[in-house]
Amino acid sequence: MSPEQFGAAVLDWFDRHGRKDLPWQQNITPYRVWVSEIMLQQTQVSTVLGYFDRFMDALPTVDSLAAAEEDEVLHLWTGLGYYSRARNLHKTAKRVVTEYGGIFPADVDKLAELPGIGRSTAGAIASISMGLRAPILDGNVKRVLARYVAQDGYPGEPKVARQLWEVAERLTPRQRVNHYTQAMMDLGATLCTRSRPSCLLCPLRDGCRAHLLGRETDFPVPKPRKALPQKRTLMPLLANRDGAILLYRRPSSGLWGGLWSLPELDDLAALDPLAERHALQLEDRRELPGLTHTFSHFQLAIEPWLIRVKTAPDAVAEADWLWYNLATPPRLGLAAPVKTLLKRAAAELNAGETS
């Protein structure tokens, strides 16, 4: 199958079967495409749908995102994970406003220089919203092309990545690049799936080497597996007489950077210095069901404790610490397990009041 035949087959399939009703496919702008592409990194379309609409309602333009407080951005991102994406989104919005007058540069290289925008995301923005010929190689497209050419080697290796980029460049057409880009992402998401791909429905099956070899699921070659290390932490939910929980803002870099979280302790003995620091009198304590959160590089076993505290009347709140009102929660960015634990604490506290 020649590159021209490849592109024609993809576009014909898109015209008949491609998705055209997703929120970011309406009123297409570089801003809307960019936000959707960042949200869709390592996240399913079904999950992103609600988040995208809420984000656009709150921050409909790059200028509004640039002017927003980081807490507001992280609040809108809470639950999507990989929070560095949200922080980079905020940084890039500010740069687009200050360096480009609020207009995204119509240049793939300049787009790729912005925080959180790599070569593939830059290509998606340029092709879908600007009509520029720019190849992409996100997870879905990588899978389609790796199978089409039966690419040996793990795509995360630089040599293999270069080879796949060469394939993407060769096959990207010069016409209707916006539809082609969307179609390639759709093919990977709906037909050329990780397991049990729907090869009989695929417009590329006659030229797909993996299909011709009967080895569709052997490509792309998976990353060598390593056992995830295990870590544990104790998280106290310190609840004052008003039912508010003590939270602190994590450093802007690193794990859950910039999000509000619960204190993390090695054991219950470490409660006393924490209580002394915040002038708290520890009262009743109760262990809640444990929670395990899996990150890309380790698993965190969380041991949560709900602890009633009495605050000193003259206690002064420190910067980056606050009492989180469970009844009328402020709009803050929360790590997903912390959000879960706050809901559990609210249920426990409410049950205690009604029992």
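The first residue in the sequence is number 1, and the count goes up from there.
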Visitor: Going by heavy atoms in the side chains, are Trp260 and Tyr324 under 4.5 Å from each other?
Guide: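 Of all side-chain heavy-atom pairs linking Tyr324 with Trp260, none is under 4.5 Å.
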Visitor: When you check the side-chain N and O atoms of His90 and Glu70, is any donor under 3.5 Å from an acceptor?
Guide: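 Absent: no donor and acceptor within the cut-off.
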Visitor: Does Val73 reach the side chain of Glu69, with side-chain heavy atoms less than 4.5 Å apart?
Guide: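 No, too far: nothing below the 4.5 Å cut-off.
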Visitor: Between Lys231 and Phe298, is NZ or CZ placed under 6.0 angstrom from the six-membered ring centre and within 45° of the ring axis?
Guide: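 Yes - Lys231 lies over the ring of Phe298, closer than 6.0 Å to its centre and within 45° of its axis.
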Visitor: Assess whether atom NZ of Lys343 is packed by more than 12 heavy atoms of other residues, nucleotides or ligands within 6.0 Å.
Guide: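 No, not enclosed.
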Visitor: Heavy atoms, side chains only, cut-off 4.5 Å: are Leu200 and Ser198 in contact?
Guide: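 Sidechains of Ser198 and Leu200: no contact.
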Visitor: Could you tell me whether the side chain of Leu291 reaches within less than 4.5 Å of the side chain of Arg344, counting heavy atoms only?
Guide: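 Yes; the side chains approach each other to less than 4.5 Å.
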Visitor: Report yes if the side chains of Arg241 and Thr311 come closer than 4.5 Å at any heavy-atom pair, otherwise no.
Guide: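 Result no, sub-4.5 Å side-chain heavy-atom pair not found.
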Visitor: Applying side-chain contact (heavy atoms from CB on, under 4.5 Å), run through Trp305 and Leu237 and close with a yes or a no.
Guide: CA-CA 6 Å; Trp305 284 78; Leu237 292 107; over 6 Å; no
Visitor: What do you reckon, is CZ of Arg16 surrounded by more than 12 foreign heavy atoms closer than 6.0 Å?
Guide: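 Yes, CZ of Arg16 has more than 12 neighbouring heavy atoms, counting only those of other groups under 6.0 Å.
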Visitor: Can you list the steps and then say if Asn240 with Leu246 is a side-chain contact (heavy atoms from CB on, under 4.5 Å)?
Guide: CA-CA 8 Å; Asn240 66 17; Leu246 187 65; over 6 Å; no
Visitor: Trp24 vs Phe52 aromatic rings, parallel, tilted or perpendicular, using cut-offs 30° and 60°?
Guide: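 The arrangement is perpendicular - the two ring planes meet at more than 60°.
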Visitor: Count the heavy atoms belonging to other residues, nucleotides or ligands that lie under 6.0 Å from CD of Glu276, then report whether that count exceeds 12.
Guide: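 Check fails, neighbour count at 12 or below.
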Visitor: Above 12 or not: heavy atoms from other molecules or residues under 6.0 Å from CZ of Arg19?
Guide: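 Enclosed: over 12 neighbouring heavy atoms sit under 6.0 Å from CZ of Arg19.
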Visitor: So do Met235 and Pro337 actually touch side chain to side chain, heavy atoms under 4.5 Å?
Guide: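 No, too far: nothing below the 4.5 Å cut-off.
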Visitor: Have a look at Leu145 and tell me which of Glu166, Met184, Arg170, Gln151 forms a side chain to side chain contact (heavy atoms under 4.5 Å, CB included) with it.
Guide: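 In the set Glu166, Met184, Arg170, Gln151, the residue that makes a side chain to side chain contact (heavy atoms under 4.5 Å, CB included) with Leu145 is Met184.
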Visitor: Could you walk me through whether Arg176 and Asp15 satisfy the salt bridge (Lys or Arg N to Asp or Glu O under 4.0 Å) test, starting with their C-alpha distance in whole Å, then the side-chain angles of each, then the deciding distance to 0.1 Å, before giving a yes or no?
Guide: CA-CA 11 Å; Arg176 295 184 63 191; Asp15 290 339; 2.6 Å; yes
Visitor: Can you list, pair by pair, the side-chain donor-acceptor contacts under 3.5 Å of residues 38-51, counting residues two or more places apart and other chains?
Guide:
unit_1 : atom_1 : unit_2 : atom_2 : d
Gln41  : NE2    : Thr121 : OG1    : 3.1
Thr43  : OG1    : Met39  : O      : 3.3
Thr43  : OG1    : Gln41  : O      : 3.2
Thr43  : OG1    : Arg85  : NH1    : 3.3
Thr43  : OG1    : Arg85  : NH2    : 3.4
Tyr51  : OH     : Thr78  : O      : 2.9

Visitor: Is any side-chain heavy atom of Asp320 closer than 4.5 Å to a side-chain heavy atom of Tyr248?
Guide: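 Sidechains of Tyr248 and Asp320: no contact.
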Visitor: Return yes when atom CG of Asp284 has more than 12 non-hydrogen atoms of other residues, nucleotides or ligands closer than 6.0 Å, and no otherwise.
Guide: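 No, not enclosed.
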Visitor: Fit a plane to each ring of Trp256 and His293, take the angle between them on a 0 to 90° scale, and name the class: parallel (under 30°), tilted (30 to 60°) or perpendicular (over 60°).
Guide: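 Rings of Trp256 and His293: tilted, 30 to 60°.
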Visitor: Please list all pairs passing the salt bridge (Lys or Arg N to Asp or Glu O under 4.0 Å) test where one or both residues lie in residues 132-146, with sequence neighbours left out.
Guide: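 Every pair satisfying salt bridge (Lys or Arg N to Asp or Glu O under 4.0 Å) with a residue in residues 132-146: Arg133-Glu169.
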Visitor: Can you see which heavy atom on Ile28 is nearest to which on Ile128, and at what distance?
Guide: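 Closest pair (atom of Ile28, atom of Ile128, distance): CG2-O, 3.9 Å.
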Visitor: Does the side chain of Gln299 reach to within under 4.5 Å of the side chain of Pro229, using non-hydrogen atoms?
Guide: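 No; the side chains remain at least 4.5 Å from each other.
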Visitor: Determine all donor-acceptor pairs shorter than 3.5 Å in which one atom belongs to a side chain in residues 262-271; sequence neighbours excluded.
Guide:
unit_1 : atom_1 : unit_2 : atom_2 : d
Glu264 : OE2    : Arg250 : NH1    : 2.7
Asp267 : OD1    : Ala269 : N      : 3.1
Asp267 : OD1    : Ala270 : N      : 3.3

Visitor: Apply the test side-chain contact (heavy atoms from CB on, under 4.5 Å) to residues Ser127 and Leu132: give CA-CA distance (whole Å), side-chain angles for both, the deciding distance (0.1 Å), then the verdict.
Guide: CA-CA 5 Å; Ser127 59; Leu132 301 179; 5.8 Å; no
Visitor: Assign the ring pair Tyr148 / Phe6 to parallel, tilted or perpendicular, where the plane angle (0 to 90°) is split at 30° and 60°.
Guide: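 Perpendicular, since the angle between the ring planes exceeds 60°.
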Visitor: Salt-bridged, Arg286 to Glu348, with N to O below 4.0 Å?
Guide: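 Salt bridge present between Arg286 and Glu348.
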Visitor: Establish, for the pair Arg119 and Trp165, whether the NZ or CZ atom is under 6.0 angstrom from the six-membered ring centre and no further than 45 degrees off its axis.
Guide: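 Yes, cation above the ring, under 6.0 Å and within 45°.
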Visitor: With distance as the sole test, does Arg32 use its side chain to make a donor-acceptor pair with the main-chain N or O of Asn27 at under 3.5 Å?
Guide: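 Indeed, once roles are kept as given, a pair shorter than 3.5 Å links the two residues.
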Visitor: May I ask you to say whether Arg331 pairs ionically with Glu72, meaning some side-chain N is under 4.0 Å from a carboxylate O?
Guide: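 Looking at Arg331 and Glu72, the cut-off is met.
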Visitor: Using a strict threshold of under 4.0 Å (side-chain N to carboxylate O), is an ion pair present between Asp107 and Lys110?
Guide: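 Here Lys110 does not pair with Asp107 in a salt bridge, since their nearest N and O are not under 4.0 Å apart.
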Visitor: According to a 4.5 Å side-chain heavy-atom criterion applied to Ile, Leu, Val, Met, Phe, Trp and Tyr, with indirect links allowed, do Leu137 and Val167 form part of one hydrophobic cluster?
Guide: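 Linked within one cluster.
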